[in-house]
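Working notes for the structure below.
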Amino acid sequence: MTVVTRFAPSPTGFLHIGGARTALFNWLFARHHGGVFRLRIEDTDRQRSTKEAIDAIIDGLKWLGLDWDDETVFQFARAPRHAQVALEMLKQGKAYYCYTTPEELEQMREAARAAGKPMRYDGRWRDRDPKDAPPGVKPVIRLKAPTSGETVVHDKVQGEVRVSNEQLDDMILLRSDGNPTYMHSVVVDDHDMGITHVIRGDDHLTNTFRQLQIYQAMGWEPPSFAHIPLIHGPDGAKLSKRHGALGVEAYRDMGYLPEALRNYLLRLGWGHGDDEIISTEQAVQWFDLDGCGRAPSRFDFAKLDNLNGHYLRQADDARLVQEVALRLGVTGDATTEERLTIGMPGLKARAKTLKELADNARFYTLKRPLAPDDKARAQLTAEASKVLKELRGVVAGSQSWSGADLEAAARGFAKAKGIKLGQIAQPLRAALTGATTSPPIFEVMQVLGREETLGRIDDVLAGS
RNA sequence: GUCCCCAUCGUCUAGAGGCCCAGGACAUCACCCUUUCACGGUGAAGACACGGGUUCGAAUCCCGUUGGGGACGCCA
């Protein structure tokens with residue numbers, strides 16, 4: 001049997017981090033089994049669904065590198081099919097019209113809460129003749145759920161979970177306006193789309209009982225279920241769009257690499273022994289539901305940063321140059337891009353994110369004269385200027401402008417003067433980068449080139 | 001309130017009765033490397049929530065307590 005999984009977000013917000021992980025797990029599971037991964041947009045909430053959200057979700061998935069198979073299914077377009085199934089259940093006596101008003105339901109809930117009972121619909125129209133229907137009330141269609149026994153979910157992650165049917169009430173399948181409810185649409189769509197494995201957030205575990213009852217009523221074979229624990233914020237509270245969680249595009253903007261986010265998300269709630277750095281190819285090979293944990297995990301930026309730093313150092317320089325140029329607004333500037341290209345190895349070892357990388361690379365793109373920051377300015381004492389001036393003389397006529405030769409020259413100069421290399425390097429760094437930290441300074445000189453280097457030194461000498 | 005789920009270092013996790021006075025990673029601290037900052041290397045500190053069982057033996061099984069989370073909509 002071919003494995004078919006799906007990701008079914010509702011387009012009422014961006015693709016948040018929890019959704020991204022759910023998508024990743026579904027994608028990984030499908031790819032691991034050589035199966036099919038499908039996308040279904042659950043846009044039945046016409047009020048809150050937006051085109052922007054749909055685009056954001058699709059862009060987010062693409063950016064993460066999660067490709068899906070077949071046509072994207074839009075749930076709202078299938079409303080007639082959902083209604084058809086509800087009517088079918090009605091005909092078979094598995095469902096019934098209910099004329100209870102929202103006000104009555106509210107009273108029911110109040111009473112239940114006061115009595116310490118579970119809040120549920122009392123089934124007052126279950127066996128009543130629709131002829132008794134009050135005039136002017138449009139009915140909903142409710143499932144005639146079993147009143148005794150229990151419903152059991154054989155969950156691939158959570159194990160066997162059971163609940164007494166007395167806890168469940170007759171849920172609404174079709175609203176009074178004829179539109180299907182989420183519970184109903186999901187079941188019909190998963191069935192029609194041939195979904196074999198439903199991998200989703202833990203928050204749907206208790207919904208599964210009710211969905212199972214629909215499968216039973218229709219005599220359909222239910223898919224396998226796997227409920228993965230939710231991702232929480234650093235404070236332990238649920239991390240979801242309703243709590244202002246960030247969309248994946250925010251992570252992109254913060255400068256995280258998709259492969260780093262994928263690796264991080266994979267390790268949140270899933271493990272493979274002591275392995276931490278896991279390539280996507282490796283993940284496809286290893287992924288299984290057994291590796292999923294059952295406890296919720298907290299989102300930790302420090303670890304994401306570390307992983308991102310790893311993938312940054314691993315990343316192709318040309319790709320990084322483009323990313324940095326884009327962030328610095330110097331795309332297409334040949335001289336600058338060349339500097340970035342030569343300087344990238346030294347730059348990328350020092351950054352955790354693309355944002356940081358761009359910030360650190362900025363001094364390569366700046367036009368003279370530089371505006372040193374406060375710490376750099378403090379380095380540029382009168383004493384330092386004297387050293388710089390002498391060093392300029394030593395270096396200006398140098399045959400080679402390679403980092404190694406420049407360093408050798410500087411070391412020789414320091415030795416002759418009886419000073420430490422740092423006493424030369426730091427003022428030089430301040431002059432050339434306008435900062436107190438940077439890639440190795442002789443490498444910086446090489447990247448900048450003779451003319452620019454001497455120019456930046458002269459700027460400082462002229463200013464003091 | 002009712003029901004459901006969960007519980008190992010600060011965080012992510014390994015651990016599926018003896019291999020564990022609990023391993024790895026991130027973060028933290030120290031040292032090394034070093035022209036700065038990083039990277040890298042070495043090391044330190046740091047956890048089985050609590051209480052009962054079961055067993056020759058429990059982080060691992062059972063029960064309870066506590067704590068956390070989730071679901072209870074004509075939202076998804």
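As the structure is a prediction and not an experimental result, all values here were calculated from the model. Reminder, nothing fancy here: chain letters follow the sequence lines and each chain counts from 1.
Residue A:Ala349 has its side chain nearest to B:A38 when only B:U11, B:A38, B:C5 are considered. In the set B:C5, B:C39, B:C12, the nucleotide with an atom closest to the side chain of A:Asp202 is B:C5. The side chain of A:Asp300 lies closest to B:G10 when the candidates are B:C74, B:G10, B:G24. Closest to the side chain of A:Lys303, out of B:G24, B:A27, B:C74, is B:G24. Residue A:Ile172 places its side chain closer to B:C74 than to any other of B:U35, B:C72, B:C74.
Between A:Asp274 atom CG and B:A25 atom C1' there is a gap of 8 Å when expressed in whole angstrom units. Atom CG in A:Leu357 sits about 16 Å away from atom P in B:A38, given to the nearest Å. Atom CD1 in A:Ile17 sits about 15 Å away from atom P in B:C12, given to the nearest Å. A straight line from CZ of A:Arg162 to P of B:C3 spans 16 Å, rounded to a whole angstrom.
Nearest-nucleotide assignment on RNA chain B puts the 5′-proximal partner with A:Gly269, out of A:Gly269 and A:Thr44. Take the nearest nucleotide of RNA chain B for A:Pro180 and for A:Asn306: the residue whose nucleotide is more 5' is A:Asn306.
A salt bridge is defined here as a Lys NZ or Arg NE, NH1 or NH2 lying under 4.0 Å from an Asp or Glu carboxylate O, and A:Arg456 with A:Asp459 fails to meet this definition. The pair A:Asp203-A:Arg200 does not count as a salt bridge, with every side-chain nitrogen at least 4.0 angstrom from each carboxylate oxygen.
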(message) Under the criterion side chain to side chain contact (heavy atoms under 4.5 Å, CB included), I'd like the reasoning laid out for A:Leu39 against A:Leu61: C-alpha separation, chi angles, the key distance, then a yes or no.
(response) CA-CA 10 Å; A:Leu39 175 64; A:Leu61 288 174; 3.9 Å; yes
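Residue A:Arg411 places at least one side-chain N or O closer than 4.0 Å to OP1 or OP2 of B:U35.
Contacts of A:Arg429 with the nucleic acid, taken as non-hydrogen atoms under 4.0 Å apart, include base atoms.
If you check distances only, the side chain of A:Arg350 does reach the base of B:C37 with a donor-acceptor pair under 3.5 Å.
Side chains of A:Arg81 and A:Asp192 form a contact here, defined as non-hydrogen atoms less than 4.5 Å apart.
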